[in-house]
There are 2 protein chains.
Amino acid sequence: MKPTIYDVAREAGVSIATVSKVINRTGKISEQTRARVTDIMEAMGYAPNLVATALSSKKTYMLGLLLPDISNPYFAELARNIEDRAHELGYNIVICNTDNRVEKERDYLTFLQQKGVDGVLLATGLAHPESLDLLTDRKLPVTVIAREVPRSPVNTVLVDDYMGGLLATSHLLRLGHRDIAIIVESMDLESSRQRLKGYRAALAAHDVAFEGRRVAVSDFSVASGMDVAGAILDAADRPTAVFACNDLLAIGTIQAARARGIPVPGELSVVGFDNTFLCGIIDPALTTVGQPIRELGRQAVDLLHKQMGGEEPARQRVVLLPELVVRASTQAPGGAAEA
Amino acid sequence: MKPTIYDVAREAGVSIATVSKVINRTGKISEQTRARVTDIMEAMGYAPNLVATALSSKKTYMLGLLLPDISNPYFAELARNIEDRAHELGYNIVICNTDNRVEKERDYLTFLQQKGVDGVLLATGLAHPESLDLLTDRKLPVTVIAREVPRSPVNTVLVDDYMGGLLATSHLLRLGHRDIAIIVESMDLESSRQRLKGYRAALAAHDVAFEGRRVAVSDFSVASGMDVAGAILDAADRPTAVFACNDLLAIGTIQAARARGIPVPGELSVVGFDNTFLCGIIDPALTTVGQPIRELGRQAVDLLHKQMGGEEPARQRVVLLPELVVRASTQAPGGAAEA
DNA sequence: TTGAAAGCGCTAACAT
DNA sequence: ATGTTAGCGCTTTCAA
């Protein structure tokens, strides 16, 4: 059987309270006994049972991470950075794939609570803010990542999607494009709406009329991006550029173009969003709006950590700025160089 | 404060044992009291504290998953399938990125044990089987995924790497290639050695001499694949085909070829390994050896589940078969059609 | 500086 | 069918 704190205490001829104190470096303990107890723990191969610790201290050092799908590269990269930071701080991450389904979200959330996670990182759907109340009501620390939660006082770290949309579209406009389509992931997401807003603002700034028919909605897969882009490209008067609201959709768009023999960027410029590692892998390399994924992950963990530390109940929103990453998938219409 | 089992018991006018029994559906309880207790739990918004449950029952319903890096698409897909199956069985997954570093492996492993996970899924390095003993000694259920562990009686589920190497190479040979290079991920991995063995066996079967200089070693990144492939392609007498031991390396190879103006598959055929979703994304679409990732994940969880259920201490090895997925990156040397 | 003892919230014999 | 009670392994007052 694995040794418990009792075994160590007995062996060392002290009480369990004393052992507990040397383990946690709390209270006053003479160097003598500290040393002896430490040696004995070592010798016995003792390691504290963290479940018991959790029960009495109310801290599990576990964090829940809810995301739509870990096999999506964007979320995988995010998860990696989150886990790294959490690990530095001594926390473990429990992943939960929600597929953006409310039931799964709710499910995981209650489960995580029962398991006593110290906090939750939310990088998933949240169509219904109610599931959030479920947590805040029970005062479980939460921070939301890359999702805007209307009128809910939760810590949030996100990227300026409006600016992202602006950046992408302005880039295209500056290159000389005047007929630019946009493919959004889902109008249910505030981030999509913001990116669209940025798109419209850029058009307006360049005196280009906005046309509703140039807005297409899809979901977040390459396949659906390909379908939607296909429809756009098959139109008699197809646009000269497409702004896809995430890299996967952009890749779908490139594939749709390739399938139709439309050269990219020769006859069609494409810009994505996220700057996942996929951008460098496809051909042509994808111009995209870069999200500071690493920062996003770290800041989210840090924010949550603060909140868990009992600090400032004052919630905050950290807005990170996106940046345009120009690669090979965009050029002036007709092939001219950039203005 | 959240209600405890005591609160429910008091409210229902029964003992906590009774409440416990209705929660766990154990023992004999009259329909009457069961109903009443259930209603009261509902009304009070009671949910069992799973940390306490874990402490007394010795089951946390948590599984540790060690992998090199979740942001690697192969492992992300694996993790997804694992989590799905685990979730079906009522388990949560704690992810641990090891970067294939022994210290991190050891670290996580001891940590997970202390946290009382019910079992561990190992999809990581393991250069040193000792870390494994660390677990088996304390009889923590473990199953190893896609890694061969020499002379250790652990449950394992893997794909037949030898056959994979054979499949890939034979495909190339049947197309007519005679000068085929191979890029392996790392000679420390048994899987790499097996794939190489399959490669050699295929050559032998076609009476093609094996040449040591056609074997290149890299790590598992696209960048390194590009470097290594670059060296191969820069040789005066470059091969007509490359078998890269994972998709990322294959992609690196394609990029290296592109950078040198060598058309793929025109002047160079490339086949990868894993069949991650990347294969369909790049251009040309990548011919690869498909691993049944979904099955790999599910079976690993099921195997672990069995072992945790106390079943058969008899360990087993489940060997899944790979399958060749032909896409556009391979063709006969010189452009002729397949024989 | 050290220890006794009361929890933390639940499970599981063992009684009744 | 239901209740009593002793743990599970640790933390944390409060005394000594």
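For clarity, every value in this text was computed on a predicted model and none was experimentally measured. Chain identifiers are assigned alphabetically (A, B, ...) following the order of the sequence lines, protein sequences preceding nucleic acid strands; residue numbering begins at 1 within each chain. These values consider heavy atoms only, across backbone and side chains, with no hydrogens, waters or symmetry-generated copies.
- Put simply, the side chain of A/Tyr6 and the base of D/dC10 share a donor and an acceptor less than 3.5 Å apart.
- Taking 4.0 angstrom as the limit, B/Asn24 places a side-chain polar atom (N or O) nearer than this to OP1 or OP2 of C/dT11.
- Nearest to the side-chain atoms of A/Ile5 among the listed nucleotides C/dT1, D/dC10, C/dG9 stands D/dC10.
- Residue B/Tyr61 contributes atom OH, which lies 13 Å from atom C1' of C/dT11 at whole-angstrom precision.
- Nucleic acid contact class of B/Thr26 (heavy atoms, under 4.0 Å, all strands): none.
- Residue A/Tyr46 has a polar side-chain atom (N or O) positioned under 4.0 Å from OP1 or OP2 of D/dC10.
- Checking D/dC8, C/dA13, C/dG3 against the side-chain heavy atoms of B/Ala17 singles out C/dA13 as nearest.
- Contact annotation: B/Ser56 does not reach the phosphate of D/dC8 (side-chain N/O to OP1 or OP2, under 4.0 Å).
- Straight-line distance from the NZ atom of A/Lys2 to the C1' atom of D/dC8: 13 Å, rounded to whole Å.
- The nearest whole Å value for the distance from the CE atom in B/Met41 to the C1' atom in C/dG9 is 15 Å.
- B/Glu88 and B/Arg298 are joined by a salt bridge, as a carboxylate oxygen and a charged side-chain nitrogen come within less than 4.0 angstrom of each other.
- In this structure, NZ of A/Lys28 is placed 15 Å from P of D/dT13, rounded to the nearest angstrom.
- Between B/Lys115 atom NZ and D/dG9 atom P there is a gap of 18 Å when expressed in whole angstrom units.
- A/Ile16 comes within 4.0 angstrom of a nucleotide base, judged by non-hydrogen atoms across all strands.
- Contact annotation: A/Lys58 reaches the phosphate of C/dG9 (side-chain N/O to OP1 or OP2, under 4.0 Å).
- The listed nucleotides are D/dT2, C/dT11, D/dA1; the one nearest the side chain of B/Lys21 is D/dT2.
- Going from atom CD of A/Gln113 over to atom C1' of C/dG9 covers 16 Å, rounded to whole Å.
- Within the 4.0 angstrom heavy-atom criterion, no nucleotide atom of any strand lies near A/Val51.
- For the pair A/Met1 and B/Glu31, both in contact range of DNA chain D, the more 5′-proximal nearest nucleotide belongs to B/Glu31.
- The distance between atom CG of A/Asn49 and atom P of D/dG7, rounded to the nearest whole Å, is 17 Å.
- An OP1 or OP2 oxygen of C/dT2 is reached within less than 4.0 angstrom by a side-chain nitrogen or oxygen of A/Thr33.
- Rounded to whole angstrom, the span from the CG atom of A/Asp7 across to the P atom of D/dC10 amounts to 9 Å.
- Cation-pi geometry between A/Lys104 and A/Tyr108 is not met: the NZ or CZ atom fails to fall both under 6.0 Å from the ring centre and inside 45° of the normal.
- The residues A/Arg34 and A/Glu31 are annotated as salt-bridged, a charged nitrogen and a carboxylate oxygen being separated by less than 4.0 angstrom.
- Listed pair A/Ser20 / D/dT11 meets the phosphate criterion, a side-chain N or O lying under 4.0 Å from OP1 or OP2.
- Heavy atoms of B/Ile29 sit under 4.0 angstrom from primed sugar atoms or phosphate atoms, though from no base atom.
- In the displayed structure, B/Arg294 atom CZ is contacted under 6.0 Å by at most 12 heavy atoms of other residues, nucleotides or ligands.
- Nearest heavy-atom pair across B/Ile93 and B/Ala86 is CD1-CB, 3.8 Å.
- Between B/Thr4 and C/dC8 there is no side-chain polar atom (N or O) within less than 4.0 angstrom of OP1 or OP2.
- Within the structure, every side-chain polar atom (N or O) of B/Ser15 is placed at least 4.0 Å from both OP1 and OP2 of D/dT4.
- Side-chain nitrogen and oxygen atoms of A/Ser30 include none within less than 4.0 Å of the OP1 or OP2 phosphate oxygen of C/dT1.
- In this structure, a donor-acceptor pair under 3.5 Å is absent between the side chains of A/Thr276 and A/Asp274.
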